[in-house]
Amino acid sequence: MEGSTMPARSIEQVRNLSKRRGFVFPGSAAYGGLGSFWDYGPLGAELLNNIKRAWWRDVVYRRDDVDGIDAAILMSRKVWQHSGHEATFSDPMVDCRNCRSRFRADHVASELDVARHAYVSSVEEMLHEVPNAIELEGRRLLTNRLLTAIQTNSIDALARIERARQRGDGFISVFGQLAALDPDVLESGRRYAEFIQDHFEVFRQAYFQLGLAVCPNCAARDWTLPRNFNLMFKTHVGPVEATDAEAELSARAYLRPETAQGIFMNFAHVQRSLARKVPFGIAQVGKAFRNEITPGNFIFRTREFEQMEIEFFIKPPQFVREGEKNDAQWHDEWINQRYEWWLGLGVDSARLRQREQAADELAHYSKRTVDLEYLFPEFGWGEVEGIANRTDYDLTAHSRDIPAEDLARLKLEPNTDSVEKFDYFDPDAKARYIPWVIEPSAGATRAMLAFLCEAYHEELTKDPPQPEIEAIKAEIPAVVKNAQKKQKDAEKETDPAQRKHDPAAIEAFCTALEEAASRLPQSLLEIDALLTEHPGAHNLEPVKKLQPKVNKLAEDCARVVLKLHPSLAPIKLAVFPLKKNKPELVDIARRIAQTYQPHFRTVYDDSAGIGRLYRRQDEIGTPWCVTVDFQTLEDNTVTVRERDSMQQQRINLEALRDYFFTRIHV
RNA sequence: GCGGGUGUAGCUCAGUGGUAGAGCAUCACGUUGCCAACGUGAUGGUCGUGGGUUCGAGUCCCAUCACCCGCUCCA
């Protein structure tokens with residue numbers, strides 16, 4: 001069935017398959033889960049390992065100028081102070097949703113603004129309304145709610161109360177409740193000031209949430225909440241929890257938000273212990289942790305994830321001689337090598353692009369960064385790797401005794417904590433310098449999602465029965481007619497906000513449906529997808545009738561297959577007996593499986609009919625299946641069935657070894 | 001956090017106040033000569049959680065929790 005294959009249309013499909021077949025499970029599921037943490041099951045662990053191994057082979061083994069390390073996840077707090085991670089994002093920031101500018105919250109709204117607003121607009125007005133408006137009991141009830149809201153920092157509750165106030169439910173006000181609680185507060189401006197000070201964060205959040213602040217850039221009032229951008233996970237070193245702030249600070253540690261700093265810490269160790277000469281690189285694979293504000297999209301963005309990073313140390317531009325690569329050239333080389341890696345593992349170039357980061361999105365340490373982006377289903381292009389030119393920023397930041405002009409150039413403060421200077425004596429240049437660094441940094445877990453999406457296909461495996469296809473063809477004009485009627489209805493409505501249906505969406509639906517119908521039966525899966533997933537399609541009466549029929553037929557005639565590159569496939573080989581109740585076949589099949597188990601992941605299965613066994617392996621991306629049948633008993637050959645083409649060929653048991661070892665690279 | 005949606009068997013879901021169901025999956029036995037076969041039987045759910053209304057709640061009300069989808073997060 002040429003042209004009858006469909007790639008993944010949604011992350012949901014991939015997520016379901018992952019859960020069903022043991023790639024990825026929700027973490028802490030027995031306790032209702034924990035926001036966006038995932039466990040990798042038997043197949044997921046294999047796949048992830050294979051991805052990391054493929055990466056390691058490509059960047060460490062294949063080259064002669066890169067070595068690997070495995071640094072500790074917990075590092076001195078000083079590391080994160082001097083790398084900039086602790087300070088950079090620790091201020092409360094707000095974003096204007098309208099013009100997308102970001103500001104420090106205290107630049108947009110001074111403490112005075114917030115306090116004044118709280119005082120003027122709420123207090124003064126409310127003072128007059130409260131005493132008369134509330135009965136004592138209601139007052140107490142609301143007061144308790146307010147106090148709870150403040151104690152738990154519940155902006156939502158405060159905002160609701162404030163909105164109610166604005167609607168004119170006069171007595172339900174933030175300060176009305178306060179007033180009800182404590183008459184003294186009403187009478188004492190000083191107590192007010194103290195109260196606002198004590199709960200300043202809550203007020204500030206409400207201030208932005210309620211749109212009281214005006215964007216300096218575009219004058220809009222549509223803000224995100226002020227957020228403390230410290231995205232590092234805090235923990236403490238030592239078995240005893242600190243009791244006071246000072247002890248907390250001295251014991252505090254962070255789970256690393258990136259693996260890169262562990263490499264920088266080991267620059268000199270690796271250079272000296274292996275007597276490496278610049279240029280050389282250090283690679284590392286490991287977990288990293290970020291308290292993301294918005295995790296989501298399955299394993300695309302999670303708070304615990306895995307990185308594959310290289311820091312490649314090179315000569316600073318001023319020491320580069322004629323004929324040597326400069327930083328820009330090294331950067332390009334790495335961009336190309338990394339791009340090719342993804343393509344080599346089966347990612348289609350139509351879905352992988354290099355994207356130049358704009359000047360205003362570059363990180364503070366970066367001279368130039370190119371992202372590799374994969375075109376995910378549903379949410380579109382998403383970064384899977386970033387290749388940055390980090391200059392000499394990092395090694396300088398962790399070094400003592402840096403000249404003032406370098407500090408100024410890199411906008412760094414002198415480092416009085418470090419006992420090290422991460423410089424390097426270059427015997428060729430006969431000079432001592434701090435190397436520059438090119439950093440290719442990929443997400444291993446994110447790569448897994450990309451590879452799964454890329455590999456996921458549904459395809460027709462047999463011709464659907466002709467009568468059923470004819471029946472579907474016959475019903476499609478009715479669907480189109482009905483849809484067009486809705487489209488006309490929608491177009492009559494001049495106010496777009498009042499429209500029940502989107503005319504453009506309906507038109508697109510009809511066009512796609514008619515086009516696909518002309519290609520039946522090949523297009524059966526496309527029609528199924530259109531009827532099932534096109535926005536609004538399920539509202540059409542004829543679709544309600546037709547969709548279940550199409551869906552059933554599609555499922556009967558299709559398979560799900562993961563077309564994973566053999567190097568990535570969790571299981572390389574599955575061995576079956578054609579009949580499980582014939583001991584002579586079972587014995588041979590088991591023996592074949594045992595032969596290859598030590599070399600690459602091989603499984604034996606006889607728990608279903610042969611067709612189902614093939615389907616199961618298709619679904620998890622096993623590239624080859626071997627079936628032992630009665631002919632095996634006669635001539636020592638088995639059937640080798642290839643996943644993507646479903647072609648099979650008979651191969652002698654003696655030749656099997658060569659067949660696999662030339663095709664599988666573990 | 002806001003808005004929208006969803007929570008019933010391992011999975012997909014049905015069940016609009018009256019004895020918790022179907023299909024798939026799983027397991028056992030039998031059958032089965034290559035692409036999701038069949039028969040018989042079995043396992044499996046305090047209907048997310050806690051209250052309330054009711055003679056009676058999966059169903060109605062309130063609360064709560066979790067997850068999913070949209071609002072810049074940079075692997």
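So you know, we letter chains A, B, ... as the sequences are listed, proteins then strands, and number each from 1.
- Atoms CZ (A/F451) and P (B/A75) sit 18 Å apart, rounded to a whole Å.
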**Q.** ring-ring contact (aromatic ring centres under 6.0 Å, His included) evaluation trace for A/F298 with A/F300
**A.** CA-CA 6 Å; A/F298 192 33; A/F300 182 77; over 10 Å; no
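- In this structure, the CZ atom of A/F379 is 16 Å from the P atom of B/C74, given to the nearest Å.
- Comparing the C1' positions of B/A36 and B/C11 gives an interatomic distance of 15 Å, to the nearest angstrom.
- Of all nucleotides listed (B/A36, B/C74, B/C69), B/C69 comes nearest to the side chain of A/N297.
- Closest contact between the side chain of A/M646 and the listed nucleotides B/C35, B/G33, B/C74 involves B/C35.
- Counting only heavy atoms from C-beta on, A/R301 has its side chain closest to B/A75 among B/C35, B/A75, B/A37.
- At whole-Å resolution of the value, CZ in A/R303 and P in B/C67 are 9 Å apart.
- Atom CG of A/D644 and atom C1' of B/C35 are 15 Å apart (whole Å).
- Regarding contacts with the backbone of B/C24, every side-chain N or O of A/R615 stays at 4.0 angstrom or more from both OP1 and OP2.
- A straight line from CG of A/N16 to P of B/C68 spans 13 Å, rounded to a whole angstrom.
- Set against B/C34, B/C35, B/U12, the side chain of A/T639 has B/C34 as its closest nucleotide.
- The nearest whole Å value for the distance from the CZ atom in A/R21 to the P atom in B/U12 is 15 Å.
- Here the side chain of A/Y614 is nearest to one of B/C69, B/C35, B/A75, namely B/C35.
- Note: NZ (A/K19) to P (B/U12) measures 6 Å, nearest angstrom.
- Separation of the C1' atoms belonging to B/C47 and B/A9 is 10 Å when rounded to the nearest angstrom.
- Residue-level contact check: A/E12 touches neither bases nor backbone, having no heavy atom under 4.0 Å from any strand.
- Listed pair A/R290 / B/A75 meets the phosphate criterion, a side-chain N or O lying under 4.0 Å from OP1 or OP2.
- Using a 4.0 Å cut-off, no side-chain N or O of A/R446 falls inside it from OP1 or OP2 of B/A75.
- Rounded to a whole angstrom, the distance from the C1' atom of B/G41 to that of B/G50 is 40 Å.
- Within 4.0 Å (heavy atoms only), A/F300 reaches at least one base atom of the nucleic acid.
- Rounded to whole Å, atom P of B/A37 lies 11 Å from atom CD1 of A/I610.
- Within 4.0 Å of A/R15, counting heavy atoms only, lie sugar-phosphate atoms of the nucleic acid but no base atom.
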